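No hydrogens, no waters, no symmetry mates; every other heavy atom, side chains included, goes into these values. Computed from a predicted structure; not experimentally measured.
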Amino acid sequence: MAGRLGQAGGRDPGPPEPCRETRVPEETSSRRRLLPGRVLRCVHRYSSVLTPKSSDTTRKHILCIGRYRDPIENVNFRKLNILPSLHGSSLRSLSQKTDVYSTGAEAVVSEKASQSSLEAEKLDDSGSFKLKHVVAHSDPFFTSLRKCTCPCDALDLASEAAVSIKHYSNALTMAWRLFKNLSEEQQRYEKQLIFEHPAFVRLCQQLLRDARRMTRGDLVFSLHALVNLSVPQNTLLIQTLVRVCQEKLNQLDNRCISVLATTLAGMDKDKNVSALQAGLQLLVEQRISSIRDIFILQNLMKCLGKDAPVFLKKKLEMAVVREIDGLTFPNALRMFLALAAMNYCSLPILNPCSKKIQENVHDIPFRQLILILEACYTLQYRNVKLFSALADYVNSTAYLWDKRQIILFLSACETLAFQPTELLDIFAEKVTEDPDFLNLKNLLIVLRVYSRLNHVPRVQKHLFFETLHSCLNKCLPQISSTELLKAVYSLGILGYLPHRALDELLQKDSKDELTLSDDLKEQNTVMLHSVKTCMELDSPSFTKPAFVLTENLSSLISLNLRKAQEALTELLGDENMFRQNVQLPYRYHIDFEIRMDSDRKKVLPIAAADDHPDSRVQRLAFLFAPVSAFCLGTTHPQGKLAMKKRHLNKLGYHVILIQNKKFQEMKNEDAVEFLKRKIYSEDAFSFPEATV
């Protein structure tokens with residue numbers, strides 16, 4: 001490559017290699033050895049048309065100063081000042097055609113030449129476009145551009161061979177493409193090299209002068225590249241490109257609209273950006289019926305976001321459903337994220353996407369697994385088959401994943417109330433074998449997951465709890481009061497009492513160190529009460545009381561329990577055969593209570609049982625719980641409900657858990673028969689759960 005810049009200084013030791021795989025020849029890399037303290041002065045021209053307060057056509061110089069403390073640190077844009085920007089200027093009409101710049105003998109690129117020599121192909125996980133080259137007219141510039149291996153190579157080529165605005169635009173886009181493929185550490189260093197590169201300054205000047213002469217493709221791709229390279233949004237260059245996009249909005253094709261929507265989604269709100277987004281939304285409404293590319297549709301869904309009006313979300317949904325037969329596996333993955341970004345749960349889209357994901361589950365990267373579960377949580381989409389397929393995949397490949405990755409997956413499952421039983425057992429074994437990876441943060445997540453999902457490992461459960469207890473003891477010197485309360489509360493839900501942590505917690509409680517702001521005070525009070533209840537009822541010294549003091553709260557029954565009341569009345573023949581809304585000690589409440597003889601063959605009247613207390617009398621407690629109190633797709637109670645059931649067992653009750661939603665869906669005669677089986681079944685009188 002002719003005309004290389006000479007060496008400007010020695011490179012500091014230590015920074016990573018800027019390029020991914022192919023090494024740049026020494027001649028190229030030597031040009032980029034720039035001093036980290038280098039100061040740039042960039043001169044930009046702008047027209048008074050862009051600053052309405054000035055009436056005369058003037059040319060002003062704008063000083064850009066960038067200082068960098070370390071080559072591998074991010075560019076400090078707080079020190080970068082490109083003024084005046086259009087940030088505060090009045091908005092212009094979206095269709096305004098007035099020529100803004102007087103650029104002299106600059107090359108004019110026709111709109112027919114167009115679109116850009118780089119076309120959008122796909123959208124990756126970060127929302128950035130992957131680009132592929134389309135060589136235009138066998139231009140040697142584009143041939144050389146394809147051979148660039150580093151962002152600075154593309155800038156070098158622009159400084160040596162660019163003769164049109166199309167060349168500059170494509171050089172910038174290529175620099176961004178190469179930049180985004182670098183690792184995060186390499187990006188920090190390469191970003192400095194880009195902003196200190198003299199060609200980047202000249203490229204920005206050229207884009208600023210010729211903004212209104214650019215083709216629509218060059219315009220939107222240039223803005224996309226600059227925004228993703230973290231050029232400050234309030235600079236004259238960015239604001240100018242945004243304003244020109246306003247003017248050319250009606251000229252944009254569907255592909256350019258998709259690129260522009262992606263760009264705006266990553267920008268902060270200001271007057272120009274908001275105006276452009278409003279115009280873009282109107283344009284999408286007009287053109288949505290003509291868009292057949294499912295990739296563009298899902299990109300628009302993601303970029304318009306949750307603030308899009310409902311009717312527009314519905315139109316986008318209908319457009320996607322129209323093309324759903326051509327759905328590919330990559331599109332299915334991206335569609336989950338697009339719907340989550342729009343916060344719109346569309347079953348006609350989600351169900352086919354879910355099926356496609358299940359068929360290709362082994363091709364999903366780990367990060368995508370987490371994003372899918374997070375999207376399902378956002379959309380309140382509960383698909384047990386999908387979750388089971390993902391969990392089975394992680395379970396079968398658990399030896400490949402880092403323990404911290406499995407923690408992330410289990411945490412995502414916990415937010416969905418989904419219990420991956422086998423994976424929880426496997427991870428428990430990993431914890432007992434090597435607990436050193438459990439720092440305080442990971443320990444709290446593990447405790448939260450196992451307690452909420454009410455999962456006790458089938459093998460070596462005592463060793464598992466002892467291991468968690470030991471890890472908690474190691475963290476006591478650094479743990480906060482709230483974190484300590486949460487940890488002890490989680491173990492208490494599982495029926496385990498960590499004595500040393502309990503002593504520490506009670507000391508803090510006696511010193512009022514658990515008192516927090518009002519928004520957390522009630523939550524902490526509830527958790528602390530549960531901990532103290534566990535200390536008493538789960539203690540090995542606690543014995544079942546012969547008599548439990550109860551209280552009827554009210555004779556009125558809630559609407560969602562009226563069907564149960566009627567079914568019990570029909571089954572037992574009289575309302576005096578059961579009690580409702582019963583308040584027990586320790587702030588526990590049960591929906592219905594009945595008494596039976598010792599042989600469990602006869603239901604006793606409540607009054608007679610109270611008048612002649614007998615330890616042999618069997619007490620049944622009915623709990624009609626919402627579906628949300630159980631693990632997804634099962635009758636396995638979650639932590640709080642399981643703890644309540646265990647404590648009622650300790651108080652002498654045989655607890656019958658019923659999912660109220662399913663009960664409400666039964667016919668009256670089926671509901672009566674269901675309760676009859678529950679009352680007289682041996683399962684209703686199983687032994688109380690033992691404390692760990």
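Taken to the nearest 0.5 Å, the CG atom of Leu369 stands 6.0 Å off from the CG atom of Leu390. Separating the CD atom in Glu414 from the OG atom in Ser411 is a distance of 5.5 Å, to the nearest 0.5 Å. The structure places CZ of Arg448 at 9.0 Å from NZ of Lys486, a figure rounded to the nearest 0.5 Å. Note that the CG atom of Leu219 and the CG atom of Leu207 stand 9.5 Å from one another [nearest 0.5 Å]. With rounding to the nearest 0.5 Å, the separation of OG1 in Thr328 from CZ in Phe295 is 11.0 Å. One finds the SG atom of Cys413 at 8.0 Å from the CG atom of Leu424 (value rounded to the nearest 0.5 Å).
The shortest non-hydrogen separation linking Glu317 to Pro348 is OE2-CD, 3.8 Å. Asn272 approaches Gln246 most closely through the heavy-atom pair O-NE2, 3.2 Å. Nearest heavy-atom pair, Leu379 versus Leu339, reported as atom, atom and distance to 0.1 Å: CD2-O, 3.3 Å. The two residues Asn170 and Leu145 come nearest to each other via the heavy atoms O-CD2, 3.6 Å. Across every non-hydrogen atom of Cys631 and Gln638, the tightest pair is N-CG, 3.8 Å. Of all heavy-atom pairs between Lys315 and Glu285, the closest is NZ-O, 4.2 Å.
Residues satisfying the ring pair (Phe, Tyr, Trp, His ring centres under 6.0 Å) test with Tyr393, not counting sequence neighbours, are His362. By the ring pair (Phe, Tyr, Trp, His ring centres under 6.0 Å) test, Phe418 is found to be paired with Phe387, residues two or more places apart in sequence or in another chain being considered.
Contact check for Met267 versus Val242: side-chain heavy atoms found under the 4.5 Å cut-off. In this structure, Ile238 and Gln233 have side chains that are in contact, with non-hydrogen atoms separated by less than 4.5 Å. Residues Leu312 and Gln281 are in side-chain contact: their nearest non-hydrogen atoms beyond the backbone lie under 4.5 Å apart. In this structure, the side chains of Leu172 and Leu155 stay at 4.5 Å or more apart for every pair of heavy atoms. Here the side chains of Trp176 and His224 are in contact, with some heavy-atom distance below 4.5 Å. A 4.5 Å side-chain heavy-atom check between Ile357 and Phe336 finds at least one atom pair inside the cut-off. You'll find the side chain of Phe329 reaches within 4.5 Å of the side chain of Asp363, heavy atoms only. With a 4.5 Å cut-off on side-chain heavy atoms, Tyr450 and Ile445 do not count as touching.
Defined by atom type and a distance below 3.5 Å, a donor-acceptor pair is present between the side-chain atoms of Gln186 and Ser183. Between the side chains of Asn343 and Thr378, no donor-acceptor pair is found at a separation under 3.5 Å. Side-chain polar atoms of Gln277 and Lys269 form a donor-acceptor pair below 3.5 angstrom. No side-chain donor from either of Asn234 and Gln239 sits under 3.5 Å from a side-chain acceptor of the other. Checked by atom type, the side-chain pair Asn524/Tyr489 shows no donor-acceptor distance below 3.5 Å. Counting only N and O atoms by type, the side chains of Ser354 and Gln358 include a donor and acceptor under 3.5 Å apart.
A donor-acceptor pair under 3.5 Å links the side-chain atoms of Thr240 to the main chain of Leu236, judged by distance alone. With Ser290 contributing its side chain and Arg287 its backbone, the two residues share a donor-acceptor pair below 3.5 Å. The backbone N or O of Asn454 sits less than 3.5 Å from a side-chain atom of His636, completing a donor-acceptor pair. Using a distance-only test at 3.5 Å, with no hydrogens or angles considered, a donor-acceptor pair links the side chain of Asn383 to the main chain of Leu386. At distances below 3.5 Å, at least one donor-acceptor pair connects side-chain atoms of Gln187 with backbone N or O atoms of Phe179. Between the side chain of Arg255 and the backbone N or O of Leu252 there is no donor-acceptor pair closer than 3.5 Å. In this structure, Gln192 contributes its side chain and Tyr189 its backbone to no donor-acceptor pair below 3.5 Å.
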Next item on the list: Give the C-alpha distance, both sets of side-chain angles, the deciding distance and a yes or no for side chain to side chain donor-acceptor pair (under 3.5 Å) between Arg209 and Gln206.
Entry: CA-CA 5 Å; Arg209 282 196 299 267; Gln206 196 71 32; 2.7 Å; yes
Next item on the list: Check the pair Asn560 / Gln664 against side chain to side chain donor-acceptor pair (under 3.5 Å), numbers first and verdict last.
Entry: CA-CA 8 Å; Asn560 63 341; Gln664 297 297 328; over 6 Å; no
Next item on the list: Determine, step by step, whether Lys191 and Leu229 satisfy the side chain to side chain contact (heavy atoms under 4.5 Å, CB included) criterion, reporting the C-alpha distance in whole Å, the side-chain angles of both residues, the deciding distance to 0.1 Å, and the verdict.
Entry: CA-CA 8 Å; Lys191 184 180 290 186; Leu229 284 172; over 6 Å; no
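Enclosure of atom CD in Gln380 is not indicated, since only 12 or fewer non-hydrogen atoms of other residues, nucleotides or ligands lie within 6.0 angstrom. Around atom NZ of Lys313, more than 12 heavy atoms belonging to other residues, nucleotides or ligands sit under 6.0 Å away.
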